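FYI, side chains are in, hydrogens and waters are out, and symmetry mates aren't considered; it's all heavy atoms of this structure. As the structure is a prediction and not an experimental result, all values here were calculated from the model.
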There are 2 protein chains.
Amino acid sequence: MRYQDGYKDQKRRELLKAAGAAAKKKGFAATGVDALAEAAGVTSGAVYAHFGSKAGLLDAVIVNEMERSRARWSRNPERSVETWAAEEVARYLSRAHIDHPESGCLMPALAADVARAAAPTRQVFEDQLKQAQREIAERLGEKDKAWQFLSQIVGAMVLARAVVSDDVQDEILAASRDAVTG
Amino acid sequence: MRYQDGYKDQKRRELLKAAGAAAKKKGFAATGVDALAEAAGVTSGAVYAHFGSKAGLLDAVIVNEMERSRARWSRNPERSVETWAAEEVARYLSRAHIDHPESGCLMPALAADVARAAAPTRQVFEDQLKQAQREIAERLGEKDKAWQFLSQIVGAMVLARAVVSDDVQDEILAASRDAVTG
DNA sequence: GTCTATATATTGATAGAC
DNA sequence: GTCTATCAATATATAGAC
């Protein structure tokens with residue numbers, strides 16, 4: 001029983017990771033359950049066995065992705081507020097993050113999908129976002145600063161990904177880095 | 001000929017407006033061509049006659065929506081930079097804008113769809129975005145300030161729409177208003 | 001220019017075998 | 001728990017009538 005539970009949980013984690021990456025890359029609404037499952041090497045039946053519905057899968061993806069993101073923020077030891085912010089922002093507002101949404105933050109990739117989801121899904125996201133905001137506020141000192149910080153970096157990534165040229169992408173990221181660190 | 005051209009152009013505008021509203025509300029990738037056309041009281045045949053493909057429709061929607069947005073920014077006479085920014089931001093970062101994406105800005109609603117579109121579509125968006133940035137930079141003085149301004153308000157709207165509770169939505173918008181005006 | 005009808009593919013979800 | 005097979009619905013796109 002213990003062994004089976006562990007196996008199920010592990011498979012669930014694999015599915016979540018692969019489906020999350022596929023959703024961030026292609027869009028959640030735009031990607032079928034078959035494709036989401038195939039990304040993890042299983043079929044749609046496995047998705048419904050684990051999550052019940054496509055919406056249920058999105059809820060789980062949100063929790064999984066946001067927790068992973070928070071773990072990354074925290075992993076960086078804070079020598080000072082300035083260096084912490086500068087380092088994290090350099091990682092977030094980078095060309096690598098523009099080019100690889102599948103391994104990046106959920107928010108710029110899927111927030112629009114979440115906005116169109118039903119209330120329970122938005123509640124799941126809200127809980128995760130508030131937790132992120134709290135942890136950033138602890139570092140930056142003020143509550144409002146954290147919201148401004150989050151809006152700034154998410155907005156910059158959303159806009160940078162929507163344009164074609166490297167030059168404009170770089171302009172947007174550079175300006176935004178200045179806004180949150182300088 | 002002149003009359004027919006005028007009629008065609010008018011129908012095209014009607015279609016663009018209705019399809020744009022439907023896309024902003026439900027998502028572009030998530031909405032079928034039939035539904036996009038039905039929003040304008042026509043069928044999918046009309047869409048293909050005017051725009052050739054679903055992608056062609058998105059290109060036209062981007063131009064139409066971004067031009068309308070710029071026209072609104074400009075309509076407000078600038079008595080001073082501060083009052084202009086404060087007024088426009090109050091309109092943008094408002095509950096009405098959260099609740100009615102169909103009549104709001106294209107960017108928070110569709111930038112993620114644009115980011116996943118082919119290069120020509122992203123080029124169309126880039127041209128429009130640069131124009132918007134230029135006009136805002138003229139008012140704010142600095143180029144970078146305009147990018148920061150745009151990233152801030154788009155990011156705030158994206159996040160505010162993705163959460164459920166009015167309280168958190170208000171927190172996000174209030175903080176963001178402070179960032180760009182205060 | 002717009003309609004209806006249609007073609008082919010894919011959607012979210014379920015049933016039953018194993 | 002995961003598979004294959006399958007359901008009705010919908011996807012993008014085209015063809016031909018008017």
- Message: If a pair means Watson-Crick or G-U wobble with both distances below 3.5 Å, what does DNA chain C look like in dot-bracket form, with | marking bases paired to a different strand?
- Response: |||||||.||||||||||
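Residue-to-nucleotide proximity on DNA chain C shows that, of B:A49 and A:G32, the 5′-proximal contact is made by B:A49.
Between the CD atom of B:E38 and the P atom of C:dC3 there is a distance of 11 Å, given to the nearest Å. Atom NZ of A:K26 and atom C1' of C:dT10 are 15 Å apart (whole Å). At whole-Å resolution of the value, CD in A:Q10 and P in D:dG1 are 14 Å apart. Atom-to-atom, CZ of B:R13 to P of C:dG1 comes out at 15 Å; the value is rounded to the nearest Å. Following rounding to the nearest Å, B:L36 (CG) and D:dT12 (P) show an atom-to-atom distance of 8 Å.
For the pair A:S151 (side chain) and A:Q148 (backbone), a donor-acceptor distance under 3.5 Å is absent.
Side-chain proximity of B:K8 to the nucleotides C:dG1, D:dG1, D:dA13 is greatest for C:dG1. If you check D:dA13, D:dC3, C:dT2 against the side chain of B:S53, the one that comes closest is D:dA13. Across D:dT2, D:dT12, C:dT2, the shortest atom-to-atom separation from the side chain of A:H50 is found for D:dT2. Candidate nucleotides C:dG1, D:dA13, C:dC3 were compared by shortest atom distance to the side chain of B:V42, and C:dC3 ranks first. If you check D:dT14, C:dG12, D:dC3 against the side chain of A:Y48, the one that comes closest is C:dG12. Taking only side-chain atoms of B:A46, from C-beta outward, the nucleotide of D:dA13, D:dT2, C:dC3 with the closest atom is C:dC3. Taking only side-chain atoms of A:K54, from C-beta outward, the nucleotide of C:dG12, D:dA13, D:dG1 with the closest atom is C:dG12. For B:D34, the listed nucleotide lying nearest its side chain is D:dT12; candidates were D:dT12, C:dA13, D:dC3.
When all heavy atoms of A:A30 and B:A29 are compared, the closest pair comes out as CB-CB, 4.1 Å. Considering all non-hydrogen atoms of both residues, B:A179 and B:Q152 come closest at CB-CD, 4.0 Å. In this structure, A:F125 and A:M66 approach most closely via the heavy-atom pair CE1-CE, 4.1 Å.
Between A:Y92 and A:H97, the ring planes are perpendicular. Angles over 60° get that label, and only those under 30° would be called parallel.
Between A:E88 and A:R91, at least one side-chain N (NZ, or NE/NH1/NH2) sits under 4.0 Å from a carboxylate O, which counts as a salt bridge. Salt bridge absent: A:E65 and A:R68 never bring a charged side-chain N and a carboxylate O closer than 4.0 Å.
Residue A:T43 has no polar side-chain atom (N or O) positioned under 4.0 Å from OP1 or OP2 of D:dT2.
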